[in-house]
**Q** 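Starting off with a structure, shown below.
Note: hydrogens, waters and symmetry copies are ignored here, and every other heavy atom, side chains too, is used.
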Amino acid sequence: MEPAAPSRDGGFVRFRLDITYDGTDFSGWARQPGLRTVCGVLEQALSTILREPAALTVAGRTDAGVHASGQVAHLDVSVAAAPAEPERLVRRLARFLPPDVRVTAVTEVPAEFDARFSAIRRHYEYRITTARYGAEPLRARDTVSVPKTLDLDAMREASRGLLGLHDFAAFCRRKENATTVRELQRFDWSREGDIVTAYVSADAFCWSMVRSLVGAMIAVGEGRRTPEWTIALLQERSRSSSVLVAPAHGLSLVAVDYPPNEELAARNAATREVRTVPGGCCGD
């Protein structure tokens, strides 16, 4: 394929897609033969509308059952098939897509924009109810029931201890040749009645990291673990069996941040660099 050409004078034109979905009935984002995935459903609809094969690059590959209100992907379309009015593509996709996934915006972007490598941070929220009767029926698909008293002060203390650039190997499922060094930029909690919400932001996340972080904090909130225990986990260099992964359906990707257009190329290069913890060993 020729490179994207934002001037529309050759090659392909690049578009950014803003996407929202209920992940309950999907086997995650990534296309998988024989399984219903968000990427598979979207690419099928786009290929039908554009009348050419569509291949999406996404900001963050969510696992089965995980939701998104702020997912971002990019798509290269041949100049001949590129829509002159991207907003019309939004309306057409609404007719082709099932009700549990929607493209809320389509925007022409520079060739340097990369949904994955240009991202400077990703924001997740995790929703819990401590109500004795469990989740409200209208929110049961995105709220995890933990019918116990949670000590938010202890959870906040433990969360603050994990902020910064660290090797989060203890919280990540192993992936061959992948680094577990991440910069955790926000990890805090709010409570409104019976609803407890975690806010987690980082430059990137490794496999199952957010759900593992939440699972560890729930253990602290219930009094089964201490804040010092979570901080000590940062010294481990492999997945810790003592950390339970929280259920998928409480997690939602709510936003992805990108730099100004003139900084995209530099950000792409920086993201691809090997990351290390100061004083530690290399990532991937």
**Q** Quickly, which of Ile49, Thr104, Val101, Thr48 forms a side-chain contact (heavy atoms from CB on, under 4.5 Å) with Leu93? Name it, please.
**A**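 For Leu93, the side-chain contact (heavy atoms from CB on, under 4.5 Å) test succeeds with only one of Ile49, Thr104, Val101, Thr48, which is Ile49.
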
**Q** Quick one: pull up OG in Ser159 and CD1 in Ile231 and give me the separation to the nearest 0.5 Å.
**A**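 Ser159 atom OG to Ile231 atom CD1 measures 10.0 Å (nearest 0.5 Å).
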
**Q** Between Leu264 and Val109, is a side chain to side chain contact (heavy atoms under 4.5 Å, CB included) present by the stated rule, with each step listed?
**A** CA-CA 11 Å; Leu264 290 171; Val109 290; over 6 Å; no

**Q** Do side-chain atoms of Arg16 reach the backbone of Phe113 as a donor and acceptor pair under 3.5 angstrom?
**A**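 Not a single qualifying donor-acceptor pair exists.
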
**Q** Using modelled atom types only, decide if a donor and an acceptor are shared between the side chain of Thr130 and the backbone of Asp194 within a distance under 3.5 Å.
**A**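 At least one qualifying donor-acceptor pair exists.
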
**Q** Taking atom CD of Glu192 as the centre, does the number of heavy atoms from other residues, nucleotides or ligands within less than 6.0 Å exceed 12?
**A**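 No.
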
**Q** List the steps, then state whether side chain to side chain contact (heavy atoms under 4.5 Å, CB included) holds for Arg225 with Thr230.
**A** CA-CA 8 Å; Arg225 297 288 187 177; Thr230 61; 5.6 Å; no

**Q** Which pair of heavy atoms, one from Val256 and one from Ala119, lies closest together, and at what distance?
**A**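 Heavy-atom minimum between the residues: CG1-CB, 3.6 Å.
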
**Q** So Glu228 and Glu157, do their side chains get closer than 4.5 Å, heavy atoms only?
**A**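 The answer is yes; the side chains approach within 4.5 Å.
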
**Q** Calculate, to the nearest 0.5 Å, the distance between atoms OG and CG belonging to Ser201 and Leu163 respectively.
**A**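 It comes to 10.0 Å.
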
**Q** Let's go through Val13 and Glu108 carefully: what are the C-alpha distance in whole Å and the side-chain angles of both, what is the deciding distance for side chain to side chain contact (heavy atoms under 4.5 Å, CB included) to 0.1 Å, and is it a yes or a no?
**A** CA-CA 7 Å; Val13 182; Glu108 188 171 332; 3.6 Å; yes

**Q** Calculate, to the nearest 0.5 Å, the distance between atoms CG and CZ belonging to Leu89 and Phe96 respectively.
**A**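 Leu89 atom CG to Phe96 atom CZ measures 10.5 Å (nearest 0.5 Å).
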
**Q** Under a 4.5 Å side-chain heavy-atom rule over Ile, Leu, Val, Met, Phe, Trp and Tyr, are Val254 and Ile19 clustered together?
**A**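 In one cluster with Val254: Ile19, no.
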
**Q** Taking His74 for the side chain and Asp114 for the main chain, is one N or O donor matched with an acceptor at less than 3.5 Å?
**A**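 Looks like no, no N/O pair under 3.5 Å.
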
**Q** Ser78 and Glu52: side-chain donor and acceptor closer than 3.5 Å?
**A**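 Judged by distance alone, the side chains do pair up.
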
**Q** Give me the ring orientation class for Phe168 and His166: parallel if the planes are under 30° apart, tilted from 30 to 60°, perpendicular past 60°.
**A**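 It falls in the perpendicular class, over 60°.
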
**Q** What do the steps show when you test Asp100 against Arg141 for side chain to side chain contact (heavy atoms under 4.5 Å, CB included), and what is the final call?
**A** CA-CA 12 Å; Asp100 53 358; Arg141 289 163 74 97; 5.6 Å; no

**Q** Using the rule that two of Ile, Leu, Val, Met, Phe, Trp, Tyr join whenever any of their side-chain heavy atoms come within less than 4.5 Å, decide whether Leu162 and Val245 are in one cluster.
**A**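 The answer is no; the residues belong to distinct hydrophobic clusters.
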
**Q** So which heavy atom on Ala154 is nearest to which on Pro227, and how close?
**A**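 The answer is O-CG, 3.8 Å.
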
**Q** Give a yes or no on this: more than 12 heavy atoms of other residues, nucleotides or ligands lie within 6.0 Å of atom CZ of Arg88.
**A**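 No, CZ of Arg88 has 12 or fewer neighbouring heavy atoms, counting only those of other groups under 6.0 Å.
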
**Q** Taking the side chain as every heavy atom from C-beta outward, state whether Val72 and Asp18 have any pair of such atoms under 4.5 Å apart.
**A**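 Sidechains of Asp18 and Val72: in contact.
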
**Q** Which heavy atom of Gly134 sits nearest a heavy atom of Ser145, and at what distance?
**A**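 In this case the closest contact between Gly134 and Ser145 is CA-OG, 3.5 Å.
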
**Q** Do Leu17 and Leu46 come close enough that some side-chain heavy atom pair is under 4.5 Å?
**A**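 Yes. Closest side-chain heavy atoms under 4.5 Å.
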
**Q** Got a sec: does the CZ of Arg116 have more than 12 other heavy atoms crowding it under 6.0 Å?
**A**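 Counting other residues, nucleotides and ligands, CZ of Arg116 stays at 12 neighbours or fewer.
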
**Q** So do Thr57 and Phe117 actually touch side chain to side chain, heavy atoms under 4.5 Å?
**A**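 Phe117 vs Thr57: side chains apart.
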
**Q** Side chains of Arg127 and Ile195: closer than 4.5 Å at any heavy-atom pair?
**A**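 Side-chain contact under 4.5 Å: yes.
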
**Q** Tell me whether Asp203 is salt-bridged to Arg121, with the criterion being a basic N under 4.0 Å from an acidic carboxylate O.
**A**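 Arg121 and Asp203: not salt-bridged.
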
**Q** Tell me whether Val38 is reachable from Leu97 by hopping between hydrophobic residues (I, L, V, M, F, W, Y) whose side-chain heavy atoms are closer than 4.5 Å.
**A**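 Same cluster.
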
**Q** Can you tell me how far apart CZ (Arg182) and SG (Cys206) are? Round to the nearest 0.5 Å.
**A**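 Arg182 atom CZ to Cys206 atom SG measures 5.0 Å (nearest 0.5 Å).
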
**Q** Is there a donor-acceptor pair under 3.5 Å between the side chain of Asn268 and the backbone N or O of Ser118?
**A**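 Confirmed, Asn268 side chain pairs with Ser118 backbone.
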
**Q** Could you tell me whether Arg36 and Asp25 make a salt bridge, using a distance below 4.0 angstrom between a side-chain N and a carboxylate O?
**A**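 No.
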
**Q** For Glu43, enumerate each residue passing the salt bridge (Lys or Arg N to Asp or Glu O under 4.0 Å) test, keeping only those at least two apart in sequence or located in another chain.
**A**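 Once residues adjacent in sequence are excluded, the partners of Glu43 under the salt bridge (Lys or Arg N to Asp or Glu O under 4.0 Å) criterion are Arg31.
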
**Q** Applying the 4.5 Å side-chain criterion to the ILVMFWY set and letting contacts propagate, would Tyr199 and Val196 be lumped into a single cluster?
**A**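 Per the 4.5 Å side-chain linkage, Tyr199 and Val196 are not co-clustered.
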
**Q** Does CH2 belonging to Trp229 count more than 12 external heavy atoms closer than 6.0 Å?
**A**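 Buried by this count: over 12 neighbours within 6.0 Å.
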
**Q** Give me the atom names and distance for the closest heavy-atom approach of Pro147 to Ala131.
**A**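 Smallest heavy-atom distance, with atoms named: CB-O, 3.7 Å.
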
**Q** Does any part of the side chain of Val41, heavy atoms only, come nearer than 4.5 Å to the side chain of Pro98, both counted from C-beta?
**A**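 The answer is yes; the side chains approach within 4.5 Å.
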
**Q** Measuring from atom CD1 of Ile120 to atom CD of Glu263, what distance do you get when rounded to the nearest 0.5 angstrom?
**A**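 One gets 8.0 Å once the value is rounded to the nearest 0.5 Å.
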
**Q** Taking all non-hydrogen atoms of both residues into account, name the closest pair between Val79 and Gly11 and its distance.
**A**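 Heavy-atom minimum between the residues: CG2-O, 3.3 Å.
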
**Q** Is it the case that one hydrophobic cluster holds both Val90 and Val58, taking links as side-chain heavy atoms less than 4.5 Å apart, direct or via other members?
**A**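 Linked, Val90 and Val58 end up in one cluster.
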
**Q** Please list, one pair per line, the donor and acceptor atoms closer than 3.5 Å that link side chains of residues 210-219 to other protein atoms, with sequence neighbours excluded.
**A**
{"unit_1": "Arg211", "atom_1": "NE", "unit_2": "Ala246", "atom_2": "O", "d": "2.8"}
{"unit_1": "Arg211", "atom_1": "NH2", "unit_2": "Ala246", "atom_2": "O", "d": "3.3"}
{"unit_1": "Ser212", "atom_1": "OG", "unit_2": "Phe171", "atom_2": "O", "d": "3.1"}
{"unit_1": "Ser212", "atom_1": "OG", "unit_2": "Ser208", "atom_2": "O", "d": "2.9"}
{"unit_1": "Ser212", "atom_1": "OG", "unit_2": "Arg239", "atom_2": "NH1", "d": "2.8"}

**Q** Verify the neighbour count for atom CZ of Arg61: are there more than 12 heavy atoms of other residues, nucleotides or ligands below 6.0 Å?
**A**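 Not more than 12 within 6.0 Å, no.
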
**Q** Identify the heavy atoms of Val243 and Ala170 that sit nearest to each other, and give their distance.
**A**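 Shortest heavy-atom contact: CG2-O, 4.2 Å.
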
**Q** When you measure from the centre of the six-membered ring of Tyr258, is the NZ or CZ of Arg267 under 6.0 Å away and within 45° of the axis?
**A**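 Checked: cation-pi criterion not met.
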
**Q** Would you say Ser47's side chain and Ala54's backbone share a donor-acceptor pair under 3.5 angstrom?
**A**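 Yes, because the side chain of Ser47 sits within donor-acceptor range (under 3.5 Å) of the backbone of Ala54.
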
**Q** To the nearest 0.5 Å, tell me how far Asp63 CG sits from Phe26 CZ.
**A**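 So the gap between those two atoms works out to 14.5 Å.
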
**Q** For the residue pair Tyr21 and Trp29, categorise the inter-ring angle as parallel (less than 30°), tilted (30 to 60°) or perpendicular (more than 60°).
**A**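 Rings of Tyr21 and Trp29: tilted, as their planes differ by 30° to 60°.
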
**Q** Under 4.5 Å between any side-chain heavy atoms of Leu150 and Glu222, yes or no?
**A**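 In short, these two side chains touch, coming nearer than 4.5 Å.
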
